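Each remark here refers to the structure printed beneath this line.
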Amino acid sequence: MPRYQRPTGTLDILPEDQHYWDHVRARARRLAELAGFERIDVPMFEATQLFARGIGAGTDVVDKEMYTFTDKGGKQLTLRPEFTAGVMRAYIENGLHVHLQPVKLYSFGPTFRYDRPQAGRYRQFTQFNVEILGDQDPAADVEVMALVWDLYAGLGFRNLEFQLNSTGCPRCRPGYVAVLKSYYAEHLDEICEDCRRRLERSPLRVLDCKAGRCQSVIAGAPHFLDHLCHECAEHLHTLREYLDLLGRRYAINHRLVRGLDYYTKTVFEVWAAGIGAQAAVCGGGRYDGLIELLGGPPTPGVGVAVGLERIILVMKGLDVEVPSLPTPRVFVAHLGSRAKREALRLVHALRHADVGAWLSYGERGLKSQLREAGKRGVRYAVILGEDELATGAATVRDMDAGEQVSVELAELVDWLSGRG
RNA sequence: GUGGGUGUAGCCUAAGGGUUAGGGCACCUGGUUGUGGCCCAGGAGAUUGUGGGUUCGAAUCCCACCACUCACCCCA
């Protein structure tokens, strides 16, 4: 038999880690609901075209990172590499654009990108995704940003700071790209090969090149913020004012440009220390042209995607205390087949009374059963044997105190549920 | 796709050419009759990542592949 192992870049989330996930999801959900977001679930796979159009041909995600396959009917499908395109499709397809606007949506789930794994980067990873559709108010931008900020702060992150930039709009971007290109035209011999290619395909991306030789060129490059149109400049100005008002720290990062084509105006990320090179713990921004691009009515939108694996890495690095998940408080041990039948009845009665209970399996000595009870971490072990059946009263052992009492079988469920 | 590091039981690890691969954690069974944790004794668990090569002899040396890992790239 071959020894199976999980596919490269995937993760088994074992029981001992589930409390982290549970905690993060619960907090995210709570914050979203407090701000009026409603949950939407969209398929894990969609028509390949949707992502190609939405994210943009020429982006790394579309060109080399998608899990694409042909189904038995010959359809080209792709495991979602992100949430936004699918949520936009659902918004259009289900007529959410005729609902009261804005529509505020959140989602959780796995996303897939074919990439070489490393610290904080997996091929299947989990996102918490938030979108506000149908309003261009910078107040929507700030609400999305504040939501993720509050999530991190509430999970114990310190020294938070947004990286913030604007990528303009179809009105001002061509002008800036022209300025950028003419600046680069004077430095062509100083930059790396990748950047020469980027200049043609996605010129803004030269700004976040990490090649050593490009750094001084980037440092001298013109800033988009100096070339925004009035509307985009005004939008950013107001957003900054709102961020200041709420006390959310941010740093303008002229080099922040994102790998997905759909962004307009606001783009932002939050970086975390201590989880390796993949430090972006969320990324998002505004995408006012996306819904129209995907065949819907012109509709502005803003959103953010949060990587849960990375959050949990940070939490572990910070030794954040997370409440453990509930486990049964009672273990029912038995001696003899009559007692085992009584034990079986008892654990179900306990569970119906909302008291978690373990049933001892097999026919073993009491020592072995109590050893298991101790390892299970229960508060009480109920012992049922011939003596107990004869007297009609079970022995209940308090595992912490090491003391035991006799409790009438008829009162046992009440007795145990009254202590917890 | 490109580079570096690492692969010995579920986990941590010893043995750096020489008999049945050693230990710790965890797991199981005992230490008289029906009582956990500590202690003691015992047990089970490993085709040393896989395949090939060198050698009288390979966990150990060589090659290839695979996986993990870190970094580039890109991003969550």
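These figures come from a predicted structure and were not determined experimentally. Throughout, a chain's letter reflects where its sequence line sits, starting with A, and its residues are numbered from 1.
- Residues passing the side-chain hydrogen bond (donor to acceptor under 3.5 Å, both in side chains) test with T68(A), sequence neighbours excluded: T78(A).
- Counting non-hydrogen atoms under 4.0 angstrom, V306(A) reaches nothing in the nucleic acid.
- One interatomic measurement links the two molecules: CG of L335(A) to C1' of G36(B), which rounds to 14 Å at whole-angstrom precision.
- Residues satisfying the salt bridge (charged side-chain N to carboxylate O under 4.0 Å, His left out) test with E386(A), not counting sequence neighbours, are R338(A).
- Comparing the P positions of G23(B) and A46(B) gives an interatomic distance of 15 Å, to the nearest angstrom.
- Judged purely by atom type and a 3.5 angstrom limit, D398(A) uses its side chain to pair as donor or acceptor with the backbone of A401(A).
- Below the 3.5 angstrom threshold, one finds a donor paired with an acceptor across the side chain of R121(A) and the base of C74(B).
- When Watson-Crick and G-U wobble pairs are counted only if both distances are under 3.5 Å, A59(B) pairs with no nucleotide at all.
- When the ring pair (Phe, Tyr, Trp, His ring centres under 6.0 Å) test is applied to Y263(A), no partner is found at least two apart in sequence or on another chain.
- In the region residues 266-278 of chain A, proximity to RNA chain B at under 4.0 angstrom, judged on heavy atoms, holds for G276(A), A277(A), Q278(A).
- Using a 4.0 Å heavy-atom criterion, one finds that R376(A) contacts no nucleic acid atom at all.
- Under the Watson-Crick or G-U wobble criterion, with both distances below 3.5 Å, U50(B) is paired with A64(B).
- Residue contacts for E82(A): at a heavy-atom cut-off of 4.0 Å it reaches no nucleic acid atom on any strand shown.
- Between Y262(A) and Y287(A), a ring centre-to-centre spacing shorter than 6.0 Å is recorded.
- C70(B) atom P lies 13 Å from atom CG of D115(A), rounded to whole Å.
- Between the side chain of R116(A) and the base of G1(B), no donor-acceptor pair of N or O atoms lies under 3.5 Å.
- Counting any heavy atom pair closer than 4.0 Å across all strands shown, F128(A) reaches no nucleic acid atom.
- Heavy atoms of D194(A) sit nowhere under 4.0 angstrom from any nucleic acid atom.
- Pair assignment for C38(B) gives none, since no Watson-Crick or G-U wobble pairing has each distance under 3.5 Å.
- Judged as a ring pair (Phe, Tyr, Trp, His ring centres under 6.0 Å), not a single pair has a partner in residues 313-371 of chain A (not counting sequence neighbours).
- Annotation: G22(B) and G16(B) have their P atoms spaced 14 Å apart (nearest Å).
- Looking at Q118(A), its side chain has no donor and acceptor atom pair within 3.5 Å of the base of C68(B).
- No donor-acceptor distance shorter than 3.5 angstrom exists from the side chain of N94(A) to the backbone of L96(A), with no hydrogens or angles considered.
- Residue pairs meeting the salt bridge (charged side-chain N to carboxylate O under 4.0 Å, His left out) criterion with at least one member in residues 31-49 of chain A, sequence neighbours excluded: R39(A)-D41(A), E46(A)-R89(A).
- Residue-level contact check: D60(A) touches the backbone only, with heavy atoms under 4.0 Å from sugar-phosphate atoms and none from bases.
- Within residues 357-372 of chain A, the residues approaching RNA chain B are L366(A), K367(A), S368(A), L370(A), R371(A), by heavy-atom distance under 4.0 Å.
- In a base pair of the Watson-Crick type (N1 to N3 plus N6-O4 or O6-N4) or a G-U wobble (N1-O2 and O6-N3), with each distance short of 3.5 Å, U8(B) is matched with no nucleotide.
- Note: CG (D261(A)) to P (C74(B)) measures 14 Å, nearest angstrom.
- Between A21(B) and C68(B), the two P atoms lie 30 Å apart (nearest whole Å).
- A ring-centre distance under 6.0 Å is found for W415(A) and Y380(A).
- Atom CD of E386(A) and atom P of U35(B) are 16 Å apart (whole Å).
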Show each protein N/O and nucleotides 24-27 of chain B N/O combination with a separation under 3.5 Å, one pair to a line.
from: C27(B); atom 1: OP1; to: K375(A); atom 2: NZ; distance (Å): 3.3

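- When the P atom is used for both A64(B) and G4(B), the distance is 12 Å, rounded to whole Å.
- E65(A) comes within 4.0 angstrom of sugar-phosphate atoms only, judged by non-hydrogen atoms across all strands, and of no base.
- Other residues, nucleotides and ligands place more than 12 heavy atoms under 6.0 Å from the CG atom of D189(A).
- Salt-bridge check for D71(A) with K75(A): failed, with every basic side-chain N at 4.0 Å or more from each acidic carboxylate O.
- A44(B) and G49(B) have their P atoms separated by 23 Å, with the value rounded to a whole Å.
- For G53(B), the base is anti relative to its sugar; the glycosidic angle deviates from 0 by more than 90°.
- Judged by Watson-Crick or G-U wobble contacts below 3.5 Å, the nucleotide G43(B) has C27(B) as its partner.
- For Q136(A), the CD atom is loosely surrounded, since the number of other residues' heavy atoms within 6.0 Å does not exceed 12.
- By the salt bridge (charged side-chain N to carboxylate O under 4.0 Å, His left out) test, E161(A) is found to be paired with R249(A), residues two or more places apart in sequence or in another chain being considered.
- Spacing between G36(B) and C28(B) at atom C1', rounded to whole Å, works out to 15 Å.
- Straight-line distance from the CG atom of D387(A) to the C1' atom of G34(B): 8 Å, rounded to whole Å.
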Only pairs under 3.5 Å count here: list side-chain donor-acceptor contacts from residues 114-121 of chain A, not counting sequence neighbours, and write none if there are none.
from: Q118(A); atom 1: OE1; to: R121(A); atom 2: NH2; distance (Å): 3.3
from: R121(A); atom 1: NE; to: R116(A); atom 2: O; distance (Å): 2.9
from: R121(A); atom 1: NH2; to: R116(A); atom 2: O; distance (Å): 2.5

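- Near RNA chain B, meaning a heavy atom under 4.0 Å from it, residues 5-31 of chain A has Q5(A), T8(A), G9(A) in order of number.
- Side-chain atoms of E388(A) and base atoms of G34(B) include a donor and an acceptor less than 3.5 Å apart.
- For the P atoms, the distance linking U32(B) with G51(B) amounts to 48 Å, nearest Å.
- Under 4.0 Å is where a charged nitrogen must lie from a carboxylate oxygen, and between E403(A) and R397(A) no such pair does.
- With sequence neighbours excluded, the residues that form a salt bridge (charged side-chain N to carboxylate O under 4.0 Å, His left out) with D288(A) are K265(A), R286(A).
- Atom pair K340(A):NZ and G34(B):P shows a separation of 17 Å (rounding to whole Å applied).
- Checking D398(A) against Y122(A), the closest nucleotide of RNA chain B that is more toward the 5' end is the one next to D398(A).
- Between V330(A) and V378(A), the closest side-chain pair of non-hydrogen atoms is not below 4.5 Å.
- Looking at heavy-atom distances under 4.0 Å, I311(A) makes no contact with the nucleic acid at all.
- G17(B) and A26(B) are spaced 33 Å apart, taking the C1' atom of each and rounding to whole Å.
- Residue contacts shown for A373(A) are absent, as no nucleic acid heavy atom lies under 4.0 Å away.
- For an aromatic pair to be called close, the ring centres must be under 6.0 Å apart, and Y250(A) with F162(A) fails this.
- Remark: C72(B) base-pairs with G1(B); criterion is Watson-Crick or G-U wobble with both hydrogen-bond distances under 3.5 Å.
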